[in-house]
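Start at 1 and go down the list; that is how both ligands and their atoms are numbered. Nothing fancy with the numbering, it's 1 onward along the sequence.
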Amino acid sequence: MAKDDGTGTLTAGVIAALRQAKSVFVLTGSGVSAESGLPTFRGVGGLWRTHRVEELASPEGFARDPVLVWTWYNERRAAHERAQPNAGHFAIAQLEDALDDFTLATQNVDSLHLRAGSRNVLELHGSLREARCTNCNAGRPFGAAGLPLDEIDHACGGRWRPDIVWFGESLPRDVWQKAQEAAARADVILVVGTSAVVYPAAALATNYNRSAFVAEINPEATPISNRVACALRGSAAEMLPRIVAALSARRTAPPDLSVGPSG
Ligand code: OAD
């Protein structure tokens, strides 16, 4: 694996691979939203540095203290609502526009990819737009203000919980199946803003496809860095627009009509 600060030949390598690609798969994590002002989980200032995962992101934590859990998710939902998609989210949406077979799988529950215009989005860990009943599985959307704390109990005897995946729970089966298939058929896989330590999502980067050109975009090294074709060491909002601009510059360049040596 080679490293690149985004100015060198490896960026050119990613662009060349994308030019040839018929199918592209992108896996994102919380780092793609960092430049929208949303904290990551494990970095400096990350959510899991100051909050206890087992209290806030597990079924057991929710059973113990649903008000605490909802208070936290309501705050996060409000922060998502205040945040705006950044140049990285928009660049991913533009990439989709340029390709027939494009799939984005995100671990994020912040909806920023959808707000940036991405369409074929697989939300691996669910979304913070909906609540689901722990008993009857009914769904209910909730808005920017979150779920009112006096409405946590559902009439059926269950409780409304955020419709997201917590530690110890399985990913939605259909979403996971589609993500695996998209990763397997891709010619290029871009892994953006994830520490690649949470499975099974992290497996999508390198475990389902032996021939794709895999590029990581992350300012820091991760456990998959030495298994990818190139690691672009920069931020998502810097690197992705650069890559997409280079691709579209080539696509829209006028044909060269100059007369040259015969050929
Ligand atoms: P992490 O906090 O584990 O990792 C964030 C990654 O983003 C790190 O590798 C950073 O180096 C990188 N990063 C930071 N700023 C960046 C930027 N501007 N551009 C690009 N990359 C940047 O977050 P995730 O990998 O998303 O799951 O965590 C995966 C899962 O663990 C989450 O979905 C969540 C969490 O616990 C559940 O809650 C089930």
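The protein non-hydrogen atom at the shortest distance from atom 31 (O) of ligand 1 is R42 NH1, 3.0 Å. Given atom 9 (O) of ligand 1, the protein heavy atom at minimum distance is N218 ND2, 2.9 Å. Scanning the protein for heavy atoms near atom 27 (O) of ligand 1, the closest one is H125 ND1, 3.5 Å. Scanning the protein heavy atoms around atom 29 (C) of ligand 1, the nearest turns out to be Q107 OE1, 3.2 Å. Ranking the protein heavy atoms by distance from atom 16 (C) of ligand 1 puts G31 O, 3.4 Å first. In this structure, atom 30 (C) of ligand 1 lies nearest to the protein heavy atom V198 CG2, 3.7 Å. With respect to atom 18 (N) of ligand 1, the closest heavy atom belonging to the protein is E35 OE1, 2.8 Å. Nearest protein heavy-atom neighbour of atom 3 (O) of ligand 1: S195 OG, 2.5 Å.
Per-residue contacts place G29 under 4.0 angstrom from the following atoms of ligand 1 (heavy atoms of the residue considered): 26 (O). Close approach of ligand 1 to G193 (heavy-atom distance below 4.0 Å) involves ligand atoms 5 (C), 6 (C), 7 (O), 20 (C), 21 (N). Atoms of ligand 1 found under 4.0 Å from any heavy atom of W48 (numbered from 1 in listed order, with element): 35 (C), 36 (O). The ligand atoms of ligand 1 that sit less than 4.0 angstrom from a heavy atom of S30 are 1 (P), 2 (O), 5 (C), 23 (O), 24 (P), 26 (O). Every atom of ligand 1 with a heavy atom of E220 under 4.0 Å away is listed here by number and element: 11 (O). Heavy-atom contacts of V165 reach the following atoms of ligand 1: 39 (C) (cutoff under 4.0 Å).
In terms of N/O distances under 3.5 Å, ligand 1 is approached by T194. Residue A236 has at least one nitrogen or oxygen atom sitting less than 3.5 Å from a nitrogen or oxygen atom of ligand 1, judged on distance alone.
Linking Ile, Leu, Val, Met, Phe, Trp and Tyr whenever their side-chain heavy atoms come within less than 4.5 Å puts W166 and V197 in one cluster. Under the 4.5 Å side-chain heavy-atom criterion for ILVMFWY residues, a single connected hydrophobic cluster contains both Y73 and V109. Both W72 and I164 are part of a single hydrophobic cluster, where members link through side-chain heavy atoms under 4.5 Å apart. No continuous path of hydrophobic side-chain contacts links L38 to V198 [ILVMFWY only; heavy atoms under 4.5 Å].
Using modelled atom types, one side-chain atom of D187 and one backbone atom of S23 make a donor-acceptor pair closer than 3.5 Å. A donor-acceptor contact shorter than 3.5 Å is absent between the side chain of Q94 and the backbone of V244. The backbone N or O of S36 lies less than 3.5 Å from no partner atom in the side chain of S33, so there is not a single donor-acceptor pair.
Assignment of A57 to the shell around ligand 1 is not supported, since no heavy atom sits closer than 4.0 Å. Heavy atoms of W166 come nearer than 4.0 angstrom to ligand 1 in no pair at all.
Crowding of D150 atom CG: a count of heavy atoms from other residues, nucleotides or ligands under 6.0 Å exceeding 12.
Both tests do not hold together for R132 against W160: distance to the six-membered ring centre under 6.0 Å, angle to the ring axis within 45°.
Taking both residues in full, the closest heavy atoms of P219 and R233 are given as O-CD, 3.5 Å, listed atom of the first, atom of the second, then distance.
W70 and F142 have their aromatic ring centers within a separation under 6.0 angstrom.
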